[in-house]
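What follows is a single structure, written as structure tokens, with notes after it.
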Amino acid sequence: MANGNVKAGSFEGAVKTPEGLSFKGVILQPVIDKCEGCERMVAFEDEKFCPSYPQPARKWALGVCNFATHVRAQVDTQGKVKINPLKASKRAARGR
Ligand code: SF4
């Protein structure tokens, strides 16, 4: 079941189903390409899942994921969401 990338206990007891990864009564969908670099991703078998949000694609469809550790959303004066990857990476390096 587990491979080298799985953190201890992270998705322990999870079961792959045709709908997605079933974990504690929640169906998780695999992460999407925009999640690449996020520290929250956890590998399970040959796919990666997000323990913070079960449907990453839907999270990103609404804008920048507010749980992401690799990018940070900022709202500019026109109300548009901007991404500042540098700030996010500095914040991650400080461990916050
Ligand atoms: S926290 Fe957001 S960016 Fe990170 S893996 Fe989950 S859905 Fe993707």
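Note that ligands are numbered from 1 as they come in the structure, with each ligand's atoms numbered from 1 the same way. Small disclaimer: the values here were computed from a predicted structure and weren't measured.
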- The reported gap from CE in Met41 to NE2 in His70 (rounded to nearest 0.5 angstrom) is 7.0 Å
- Query: How many angstroms lie between CG in Leu21 and CD in Glu47, if you round to the nearest 0.5 Å?
  - Reply: 8.5 Å
- Message: Contact between Gln55 and Val26 at the side-chain level, heavy atoms closer than 4.5 Å - yes or no?
- Response: no
- Query: Is there side-chain contact between Lys48 and Arg40, with at least one heavy-atom pair below 4.5 Å?
  - Reply: no
- Note on the structure: The closest protein heavy-atom partner of atom 4 (Fe) of ligand 1 is Cys38 SG, 2.3 Å
- Message: Considering non-hydrogen atoms of the protein only, which is the closest contact for atom 8 (Fe) of ligand 1, and what is the distance?
- Response: Cys35 SG, 2.3 Å
- Looking only at atom types and distance, does a side-chain atom of Thr69 sit under 3.5 Å from a main-chain N or O of Glu39, one as donor and one as acceptor? yes
- Query: Do Glu19 side-chain atoms and Leu28 backbone N/O form a donor-acceptor pair below 3.5 Å?
  - Reply: no
- Task: Give a yes or no on whether Cys50 keeps an N, O or S atom under 2.8 Å from atom 2 (Fe) of ligand 1.
- Result: no
Taking 4.0 angstrom as the limit and counting only heavy atoms of [X], give me the atoms of ligand 1 inside it, by number and element.
{"X": "Pro56", "answer": "7 (S)"}
{"X": "Arg40", "answer": "1 (S)"}
{"X": "Phe67", "answer": "1 (S)"}
{"X": "Cys65", "answer": "1 (S), 2 (Fe), 3 (S), 7 (S)"}

- Does ligand 1 have any atom that is closer than 4.0 Å to a heavy atom of Met41? yes
- Report the part of His70 in contact with ligand 1, treating N, CA, C, O as backbone and CB onward as side chain, heavy atoms under 4.0 Å; options are side chain, backbone, both, neither. side chain
- Message: Parallel, tilted or perpendicular: which one describes the rings of Phe23 and Phe11, with boundaries at 30° and 60°?
- Response: perpendicular
